Amino acid sequence: MIYILNIETSTKNCSVSIAQNGKNIAIKEMANEGYSHAEFLHVFIEKLLEENGLKTKDLHAIAVSQGPGSYTGLRIGVSAAKGLCFAVDIPLIAVETLTVLAHQVHMQNGLIIPMIDARRMEVYSAIFNSKLEKTRGVEAQILDETTFSDINETIYILGDCQEKIKTVLTDKKFVFLEDNIFPSAKEMSALSFEKYKNNDFVDVAYFEPYYLKDFMVTKSTK
């Protein structure tokens, strides 16, 4: 039995799951406006292991959502994953965040576009077909009325930025999946197991989250 701990902290959702041979056996997650990942992540990990009769030495790998997403959230998740890998000498697996989000959706046709909120009218997005094959890579996009105007298929949009983008993406080809907002560790399980079977690991010492854009510090107005 292969046990993988999956960590997803790229958005407001602090999410941890344990998978056995690619299937979820337990998950804990909480979406918090205050981004309290530092407060809850290690608690979730400890409780999941304890409740399922496992110790860190029983794990075969740690998988972490690599981004793009929240700078702080990604740092917390990756730091925790690296620490566990170093502690018990197991490999680290990185899973692209937008792929995790896209795997919440199963459609027979059309395109799936997962989006993660950036600043103002900007989002991080990628495009997948109905087979969940990526047809366009991850980009930072500024959205307006002409975005995706070259696509004639139905476009299913999910993510944490739907309220703001509905004001510009008004064509009837856009379908907003409002129940699919945050990426979750439960969708990481099958993805991380495939990577494990293929020995698709990242270097624990040198791996860094995929921020896509430089972190910006804004001055206080006080």
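As the structure is a prediction and not an experimental result, all values here were calculated from the model.
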Thr146 vs Asp144, side chain to side chain donor-acceptor pair (under 3.5 Å): CA-CA, chis, key distance, verdict: CA-CA 5 Å; Thr146 65; Asp144 60 29; 2.6 Å; yes
Quick one: are [X] and [Y] in side-chain contact, heavy atoms under 4.5 Å?
{"X": "Leu191", "Y": "Val100", "result": "yes"}
{"X": "Glu96", "Y": "Val138", "result": "yes"}
{"X": "Thr154", "Y": "Leu111", "result": "no"}
{"X": "Tyr156", "Y": "Ile113", "result": "no"}
{"X": "Arg136", "Y": "Ser125", "result": "yes"}
{"X": "Gln141", "Y": "Tyr124", "result": "no"}

Least distance between heavy atoms, [X] atom then [Y] atom:
{"X": "Ile27", "Y": "Leu48", "answer": "N-CD2, 3.8 Å"}
{"X": "Tyr211", "Y": "Pro68", "answer": "O-CB, 4.0 Å"}
{"X": "Lys195", "Y": "Val95", "answer": "CD-CG2, 4.3 Å"}
{"X": "Ser15", "Y": "Ser184", "answer": "OG-OG, 3.6 Å"}
{"X": "Leu98", "Y": "Ala126", "answer": "CD1-N, 3.8 Å"}
{"X": "Ile25", "Y": "Tyr3", "answer": "CD1-CE2, 4.0 Å"}

Working to the nearest 0.5 angstrom, can you tell me the gap between [X] [atom1] and [Y] [atom2]?
{"X": "Ile62", "Y": "Leu84", "atom1": "CD1", "atom2": "CG", "answer": "5.0 Å"}
{"X": "Ile76", "Y": "Tyr71", "atom1": "CD1", "atom2": "OH", "answer": "11.0 Å"}
{"X": "Ser130", "Y": "His106", "atom1": "OG", "atom2": "NE2", "answer": "11.5 Å"}
{"X": "Phe40", "Y": "Lys28", "atom1": "CZ", "atom2": "NZ", "answer": "12.0 Å"}
{"X": "Leu49", "Y": "Leu59", "atom1": "CG", "atom2": "CG", "answer": "5.5 Å"}
{"X": "Ser79", "Y": "Leu74", "atom1": "OG", "atom2": "CG", "answer": "10.0 Å"}

Scan Thr147, Leu143, Ile116 and name whichever one has a side chain to side chain contact (heavy atoms under 4.5 Å, CB included) with Val123. Leu143
Determine the interplanar angle of the His60 and Tyr196 rings, folded into 0 to 90°, and report it as parallel if under 30°, tilted if 30 to 60°, perpendicular if over 60°. perpendicular
Over 12 non-hydrogen atoms of neighbours within 6.0 angstrom of CG in Asp179: no
Does CG in Asn152 sit with more than 12 non-hydrogen atoms of other residues, nucleotides or ligands closer than 6.0 Å? no
Backbone N/O of [Y] and side chain of [X]: donor-acceptor pair under 3.5 Å:
{"X": "Asn129", "Y": "Lys131", "answer": "yes"}
{"X": "His103", "Y": "Thr99", "answer": "yes"}
{"X": "Gln104", "Y": "Phe182", "answer": "yes"}
{"X": "Thr9", "Y": "Gly73", "answer": "yes"}
{"X": "Gln162", "Y": "Leu177", "answer": "yes"}
{"X": "Asn24", "Y": "Ala19", "answer": "no"}
{"X": "Asp171", "Y": "Lys173", "answer": "yes"}
{"X": "Thr167", "Y": "Lys164", "answer": "yes"}

How would you list, by chain and number, every residue that makes a side chain to side chain contact (heavy atoms under 4.5 Å, CB included) with Ile142, sequence neighbours excluded? Glu122
Tell me, which pairs form a salt bridge (charged side-chain N to carboxylate O under 4.0 Å, His left out) where one or both residues lie in residues 180-192, sequence neighbours left out? none
Residue pair Phe193, Lys23: steps toward the side chain to side chain contact (heavy atoms under 4.5 Å, CB included) verdict: CA-CA 9 Å; Phe193 186 54; Lys23 297 186 182 298; over 6 Å; no
When you look at Asn6 and Ser17, which way does the side chain to side chain donor-acceptor pair (under 3.5 Å) test go after all the steps? CA-CA 5 Å; Asn6 300 286; Ser17 73; 3.2 Å; yes
State plainly whether one hydrophobic cluster holds both [X] and [Y], where clusters connect Ile, Leu, Val, Met, Phe, Trp and Tyr through side-chain heavy atoms under 4.5 angstrom apart.
{"X": "Ile155", "Y": "Met115", "value": "yes"}
{"X": "Ile112", "Y": "Leu101", "value": "yes"}
{"X": "Tyr206", "Y": "Val64", "value": "no"}
{"X": "Val168", "Y": "Ile151", "value": "yes"}
{"X": "Ile4", "Y": "Ile18", "value": "no"}

Using salt bridge (charged side-chain N to carboxylate O under 4.0 Å, His left out) as the criterion, list what pairs up with Glu178, not counting sequence neighbours. Lys166
Could you go step by step and tell me if Leu169 and Phe176 meet the side chain to side chain contact (heavy atoms under 4.5 Å, CB included) rule? CA-CA 10 Å; Leu169 302 183; Phe176 294 91; 4.2 Å; yes
So does Arg75 pair up with Glu208, basic N to acidic O under 4.0 Å? yes
Thinking salt bridges, do Lys55 and Glu50 make one under a 4.0 Å N-O criterion? no
Might you work through the side chain to side chain donor-acceptor pair (under 3.5 Å) test for Glu8 and Ser10, ending with a clear yes or no? CA-CA 6 Å; Glu8 214 311 315; Ser10 64; 2.8 Å; yes
Could you walk me through whether Phe207 and Lys82 pass the side chain to side chain contact (heavy atoms under 4.5 Å, CB included) check? CA-CA 9 Å; Phe207 175 73; Lys82 283 185 170 187; 4.2 Å; yes
Evaluate Leu5 against Leu54 for side chain to side chain contact (heavy atoms under 4.5 Å, CB included), listing each step before the verdict. CA-CA 11 Å; Leu5 182 76; Leu54 296 171; over 6 Å; no
